[in-house]
2 protein chains.
Amino acid sequence: MLKKERHQFIMDKFKNVEKINTIDLALELNISEDTIRRDFNELHNKGLINKVYGAAFPLKEKSNNVFDITIINEDKKIIVGQKALSFLTEGQVIIMTGGTTNLSFCKLIPIDFSATIYTYSLPIAMQLSQHPNIELIFIGGKLQKKAMVTVGIDVVQVLSKIRADVCFLGVSSLDVNQGLTEMGYEVSIIKKEMIKASDKVIVLATSDKINGKMPHQVCGLDKIDAIVTELNPKSSRIKSFVEAGARVY
Amino acid sequence: MLKKERHQFIMDKFKNVEKINTIDLALELNISEDTIRRDFNELHNKGLINKVYGAAFPLKEKSNNVFDITIINEDKKIIVGQKALSFLTEGQVIIMTGGTTNLSFCKLIPIDFSATIYTYSLPIAMQLSQHPNIELIFIGGKLQKKAMVTVGIDVVQVLSKIRADVCFLGVSSLDVNQGLTEMGYEVSIIKKEMIKASDKVIVLATSDKINGKMPHQVCGLDKIDAIVTELNPKSSRIKSFVEAGARVY
DNA sequence: CTAAATCGCGCACGATAATGCATTATATTT
DNA sequence: AAATATAATGCATTATCGTGCGCGATTTAG
């Protein structure tokens, strides 16, 4: 039995059992404890298992992979993204904010779509890097780890110098009276700048963002050219926005 | 039986089996193990199979998840990374290049390590965003999709204005006479700038990078403060570097 | 605090790999 | 078709890898 096979065997076994004893596995596979220990050590070094005295445990399945981004309400966000596709035109210059709604949207963009896209979100950039015809420009700055976006004066400065055709804007909250509001001050500043830099502003939001209020205002409804949600535009939950004159899709 | 036929035979066989033993195949095809090994090596270099001690495996089909980064020769890179940890000091200002060797290194950095880190690599930034005490600054620019790093004048400009204590430099190739060389012109320019901006330069490289030559020179060995590989510094494979006066770890 | 279990390290040995070289097969040129 | 260059193959040698064992160090449990 090859080393690699044993490693695979161990990882597979952890799908069924919660703990593997060093001695037991040595007996089961008919090899020395030393080898098992070495295997455990190697797997431990790779960050695949937890090791304790005399045994090993599987790692808590909680996103041990940094790069695994879980999208909550993904089905709703996919609906939003599909509607938003109609706002894309070949050759546009686009500003794309962060957030999982925008991420879902980016996953739906046709693979050969051609455009220039500015973003300040790491996950969005990773996703869009798959598109060979998209010229992707990342706006650098200090990283805000929670949102995985860059913030700070550098970001604002870059934004102040560009002109985009359209901005796809993910949001914290959307309210009929307050308009668009953000949880973080820095992000609110940056989004203001993004709106200023774009001819059109398309807001992507699932219904759970509606009628919430966050401390920092970004803009009023009048600045927004389209609001895309997973709801039917005639839905009662979005009625107030339609009545206020917003273009809801 | 021609080489091409054998290669085809091997790839076909992987459609049915999960593992091909070196000896078994040699017996089956009635040719020497050497030839099989050479075949495995060639296919491995083309990135078509995985090779381990005594056998070969088919590549696990790359996941459709953009964020999944497969690190080849991960065990070697982990050794490099562990050695490189000794060059870290709390509170440093660090420049980190891209590449999977550096990525492995970043995974090994203690979770509570505190420093300021500049990078132009998306995967590295994603990884380091896990560390709460690291002030992470992403250098923006046009994204080079293949390497997942930003390039262009903006990157150079940012680098020209910073001073770092240490630069951890991943490389394309390392040669005793040519020094550090790169495949891409743009990246070579940027790495020059990174070296200029740093007091110390630590090169992280697995042995397969050694004695290769790429078209664009970055710097000579004299600019490098330390070369970290997975090899023992006394190994014959690295001997020429030691003799040339390089500090090999 | 003590005893038992477990661990890490160095060493030895057999298996597998890499390298240089001679030989044979294949491709290219004239 | 013959001559020559180029590539592929196998063998011998040396290097490297994986594994088990022994021993002292470390950890756990009572």
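In what follows, every heavy atom counts, from backbone to side chain, and hydrogens, waters and symmetry copies are set aside. Lettering of chains follows the sequences in order, A, B, ..., and the numbering in each one begins at 1.
Under a 4.0 Å N-O distance rule, the pair Glu28(A)/Lys13(A) qualifies as a salt bridge. Here Glu42(A) pairs with Lys3(A) in a salt bridge; the nearest charged N to carboxylate O distance falls below 4.0 Å. Classification of Lys77(B) and Glu230(B) as a salt-bridged pair fails, no side-chain N sitting under 4.0 Å from a carboxylate O. Taking a cutoff of 4.0 Å between a charged side-chain nitrogen and a carboxylate oxygen, Arg163(B) and Asp199(B) qualify as a salt bridge.
Ranked by how close their nearest DNA chain C nucleotide is to the 5' end, Lys51(B) and Leu2(B) are led by Lys51(B). Comparing Glu42(A) and Glu42(B), the nucleotide of DNA chain D nearest to each residue sits closer to the 5' end for Glu42(B). If Ala55(B) and Ala55(A) are placed on DNA chain C by their nearest nucleotide, the residue sitting closer to the 5' end is Ala55(A).
Rounded to whole angstrom, the span from the CG atom of Leu25(B) across to the C1' atom of dT16(C) amounts to 15 Å. Atom-to-atom, CD1 of Ile238(B) to C1' of dT16(D) comes out at 16 Å; the value is rounded to the nearest Å. Atom CG in Asn41(B) sits roughly 9 Å away from atom P in dA17(C) (whole-Å rounding). Regarding Glu33(B), its CD atom lies at a distance of 12 Å from the C1' atom of dG10(D), rounded to whole Å. Note: CE (Met1(A)) to P (dG20(D)) measures 13 Å, nearest angstrom. If you take CD1 of Ile36(B) and P of dA8(D), they are 15 Å apart, rounded to a whole angstrom. dA8(D) atom P lies 20 Å from atom CG of Asn30(B), rounded to whole Å. If you take CG of Asp24(A) and C1' of dT6(C), they are 14 Å apart, rounded to a whole angstrom.
Heavy atoms of Ala26(A) sit nowhere under 4.0 angstrom from any nucleic acid atom. Within the nucleic acid shown, Ile23(B) comes within 4.0 Å of sugar-phosphate atoms alone, with no base atom in reach, counting heavy atoms only.
Picking from dT16(C), dT19(D), dG8(C) the nucleotide with the shortest atom distance to the side chain of Arg37(B) gives dT16(C). Listed candidates were dT19(D), dT16(C), dG10(D). Nearest to the side chain of Arg6(A) is dT19(D). The side chain of Ser32(B) has dG10(D) as its nearest neighbour among dT19(D), dA17(C), dG10(D). Closest to the side chain of Tyr53(B), from the set dT27(D), dA15(C), dT9(D), is dA15(C).
With hydrogens and angles ignored, no donor-acceptor pair under 3.5 angstrom links the side chain of Asp34(A) to the base of dC7(C).
At the phosphate of dC7(C), neither OP1 nor OP2 sits under 4.0 Å from any side-chain N or O atom of Arg38(A). Residue Thr22(A) places none of its side-chain N or O atoms closer than 4.0 Å to OP1 or OP2 of dT6(C).
Judged by the 6.0 Å distance and 45° axis criteria, Lys142(A) is not positioned over the aromatic ring of Phe138(B).
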